[in-house]
Structure formats: C-alpha cells, structure tokens
There are 2 protein chains.
Amino acid sequence: MDKPLTKPSIREINERVILAAAESVFAERGFSGATMSMIAKRAGSPKANIHYYFPTKETLYRAVVARVLTAWLDAARSFDASDDPKEALTAYIGAKMDLAREMPLSSQIYASEMMRGAPVVQDYLETTLSAWVAERSGVVRRWIAQGKLKPIEPKYLFFMIWATTQHYANAAHEMATLEGGPLSDEAFERAKGQVAQTVLFGVAAGG
Amino acid sequence: MDKPLTKPSIREINERVILAAAESVFAERGFSGATMSMIAKRAGSPKANIHYYFPTKETLYRAVVARVLTAWLDAARSFDASDDPKEALTAYIGAKMDLAREMPLSSQIYASEMMRGAPVVQDYLETTLSAWVAERSGVVRRWIAQGKLKPIEPKYLFFMIWATTQHYANAAHEMATLEGGPLSDEAFERAKGQVAQTVLFGVAAGG
DNA sequence: GTCTATAATCGGATAGAC
DNA sequence: GTCTATCCGATTATAGAC
C-alpha cells in the first residue's frame, strides 16, 4: 500500500516488533488487562519508546485490531473459490480453521472485542461484514433453490462456522487440557476434516 | 448445601446482590478491566462494603466463576436424558443454547477465563470436565458401534457443540449488528432448531 | 454491619537529557 | 530515535468512626 520494496525503515521495523508484542499481550489479558510495561518488556524496548511510536494504548490497540481484520477478510475470500456448495464450504471452513490455528492471538482479540461490544470494530461489522453476509447469504439461498442444500437460514450457518472455527483458537487451552497436551498437527487435521464433514452432511439436501 | 430453608441472612442477601453485580461487570470488562468501584456502584453499596464481604477482587471473581460452573454442570446433565443419540443430542444442544441465552454473562466469563489460560478453573478442567468428556465419549462410541452415528471423534463433536452454543452468548453483539437488532425469541428458537438439526444430520449414520 | 477517609500501589503518559 | 526519571490519575485495599 504505502511501502515500495526498498527501505525497511527503522520505524517500520520497530513498529512491527511492537505490534507483535502488543498482539500477544492484548490476547492474553484483554485491553484493560494489558499494560504498556508488559508490552514494552516483550518488545524489548523501554516503555517510553512504545509511546513514541504509538502515542496511546488505544492507538496501539487499534493498530493491532486492524491487522486482525485484514487476515479475517483474506480467509473470507476462500468462500468464493467455487460455486459448488461442497467445495466452497470445505474451502471456507478449512481456511477459517487454518487461520485459528496459525493466528490464535488474533482470534482471541476478535472474540474479546465482541464481548466488549465491539468498541473498535463496530464500523467494520456494520459495513464490510454486513455486506459480506448479505451477499453470501444470497449464494446460499441460490444453492437451496437449486435443491443442493436443505432450506436453512444462511446466517445461522455462518454463525456455526465462525463459532466452531474460532473455538479452536479461543478454547485452545481447554482443548489442550482435555487432550493432555496441545493438539498435534495430525489431530488438528482430523478435527478440520470432521468439522467440514459434519457441516456438509448437516446442511446437504436430502437427509 | 449449607442452607436450610429458613433464614436468608443479611450476609446471604448482600452476597447475592454483590455477586450479580460483579458477574455483569466481569463479563463486560474482563477481570482486569473490572473495578471494585464499578461493582460497588452497580450493587448499590459503598466500595468498602464489597471488601467486607469479599476481601479481595480475586476472591470475588472466584465466587462468580464458581456459580458459572454450577450452571454449566446442570446443563450438561441433559445429555443423559436419553440413550437415543437423536434425543440426547437435541436435549443437550437445546439446554446449552438456552443457557447461552439466559446466562450470557456467565458464558462470556467462561470464555474469558479460557482465553486467559484458565487461571481459576484449571482444576475443574482437569477433573470434573475431563471425567465428563471421557464418560460421554464412551457413550458416543457405543452409538457409533451400534451403527447409529458416523465414525467420528467424540471430542470434536463436543467442541463443535460447545463452540456453537456459547457463540450465541459470546458473539451476541456481532449477531445483533448483523440482524439489525437483538435476536428475537422466535429467531432464537429457529437458530436453536437449525443448530440441532445440522449437528444431527451431520453425525447421523448413513450420509 | 455500614461507611468515610485515606493509605499504598500501579499504570498511562510526558519531560527532557542524550 | 532512545531512554531515564517522574508526574498524575486511577484503583485496590484498609483504618477506624459510627
């Protein structure tokens, strides 16, 4: 967007390091629970330096959330990979599952944001996400009309997919405890497959 | 447990009021974000009084979480309502959905607890919940052996049910924004039915 | 058991030297 | 651009009168 290929300036490098540190602290402790000292320590620079790059705690938080939304929207595109419900849903669920596994911190921040009433992402909910849901709901309804899916309410299907996939990030600790350790790659792939299969059989026409 | 029928003592009454206030504040702001002043104000008594009943913020938080777990376990019992998978799962999903709708604050507190790494409920995860999952996994495997369900991993089924049902509490704000207002009772009942149907068709044998 | 006043601490933010 | 020292408001917790 604003970066050519050359010149990873000092500012850029430092911002990256700070954002990564902030993301992990915000995920663990929530907005209020996170402290600038903690973020500074994890970023490896003195507290005042954090304030030099991000004037206030809220500025920093907003920057972190912005990155989360970008990743979210990228994954959302996989829904459009195919016009066949089986393929589209499998791709979408897979992408969301992978996102939860690869960026668990983002997922937790998003969840916290929602529970706080979306003070920062309200605008995103009302514009980008609403539009996405409206459009894809149309696609789902078309599949229903074509007899490919059961007559379901598309929104509740999306809620279910979001819930289940994000749960693999939000409740990673719970799962790890119940499994006796973090989900292995193999276990995760099995889970991914089962989620996709369950949803597909759950909504496929002719049950 | 420790209360006969008579004598709702002053202590009991006040503790109840304080716990209710604390629950709502902890749900909205998380542990660190909640302040004792906020809780006191919502409970309608001076801050020092809160400390009289609950010496520290953490004591109070633990008491709130204890109530959450009780409600959780009550709902879990509905799984045992029947030995038929269709009935058992429908009852269980319904109970969890109702719980999310009737006690959204508890659900949010539980979710926050998990994201923080379960500092308070770790013991519950390792004992009570682990045992519950182990036992019910056995039941599910029996259903599979009887040809009533697809050969799935029971744990991932439970994860999916927990995720989806809790999502109706945790993401209530997101849903409300997308729906243009809070889910009506009718919409919620439709959602409940669709979730149950999707899961049932999703795991039923012979897809 | 209730409440006002206050102690003690913590955390966000800033000043200003380097 | 970096960092030490510090300010100041907010927050947990307590003392002690009623």
Side-chain angles (χ1 to χ4, degrees), chain A residues 2-4 6-66 109 112-113 116 119-120, chain B residues 2-3 6-66 109 112-113 115-116 119-120:
Chain A
D2 47 16
K3 282 305 124 185
T6 52
K7 215 184 35 172
S9 67
I10 282 197
R11 172 158 217 110
E12 276 187 312
I13 295 171
N14 286 340
E15 282 183 352
R16 238 179 267 285
V17 172
I18 293 171
L19 282 171
E23 184 177 58
S24 75
V25 176
F26 281 129
E28 276 169 31
R29 316 278 304 248
F31 178 77
S32 325
T35 72
M36 295 299 268
S37 327
M38 234 180 295
I39 293 169
K41 186 183 239 177
R42 208 164 294 189
S45 53
K47 202 170 50 159
N49 235 29
I50 313 294
H51 278 101
Y52 172 73
Y53 286 105
F54 299 92
T56 68
K57 187 182 179 182
E58 183 170 333
T59 312
L60 179 51
Y61 179 71
R62 284 179 180 274
V64 167
V65 169
I109 289 171
S112 294
E113 205 10 56
R116 290 204 306 152
V120 165
Chain B
D2 47 16
K3 282 305 123 187
T6 52
K7 214 183 35 171
S9 67
I10 281 196
R11 173 158 217 110
E12 277 187 312
I13 295 171
N14 286 341
E15 283 183 352
R16 237 178 267 283
V17 173
I18 293 170
L19 282 172
E23 184 178 58
S24 74
V25 176
F26 280 129
E28 277 169 29
R29 317 278 305 249
F31 177 77
S32 324
T35 72
M36 296 298 267
S37 328
M38 235 181 293
I39 293 169
K41 185 182 241 178
R42 209 165 293 188
S45 52
K47 205 171 47 162
N49 234 30
I50 312 294
H51 278 102
Y52 173 72
Y53 286 106
F54 299 92
T56 69
K57 188 183 178 182
E58 183 171 332
T59 313
L60 179 51
Y61 179 71
R62 283 178 180 275
V64 167
V65 169
I109 289 171
S112 295
E113 214 355 67
M115 292 194 294
R116 290 204 306 151
V120 165

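FYI, side chains are in, hydrogens and waters are out, and symmetry mates aren't considered; it's all heavy atoms of this structure.
Residues meeting the side chain to side chain donor-acceptor pair (under 3.5 Å) test with A:Arg42, sequence neighbours left out: A:Ser24, A:Glu28.
Here the shortest heavy-atom pairing between A:Leu19 and A:Leu60 reads CD2-CD1, 4.0 Å. Heavy atoms only, all atoms of each residue included: B:Val17 and B:Ala43 are closest at CG1-O, 3.6 Å. Nearest heavy atom pair, residue B:Glu23 against residue B:Ile109, reads O-CD1, 3.5 Å.
Within residues 26-59 of chain A, the residues having any heavy atom under 4.0 Å from DNA chain D are, by residue number, A:Pro46, A:Ala48, A:Asn49, A:Tyr52, A:Tyr53.
For B:Tyr61 and D:dT12, the OH to C1' distance is 18 Å, given to the nearest whole Å.
B:Phe26 does not carry B:Arg116 over the face of its six-membered ring by the limits of under 6.0 Å from the centre and within 45° of the normal.
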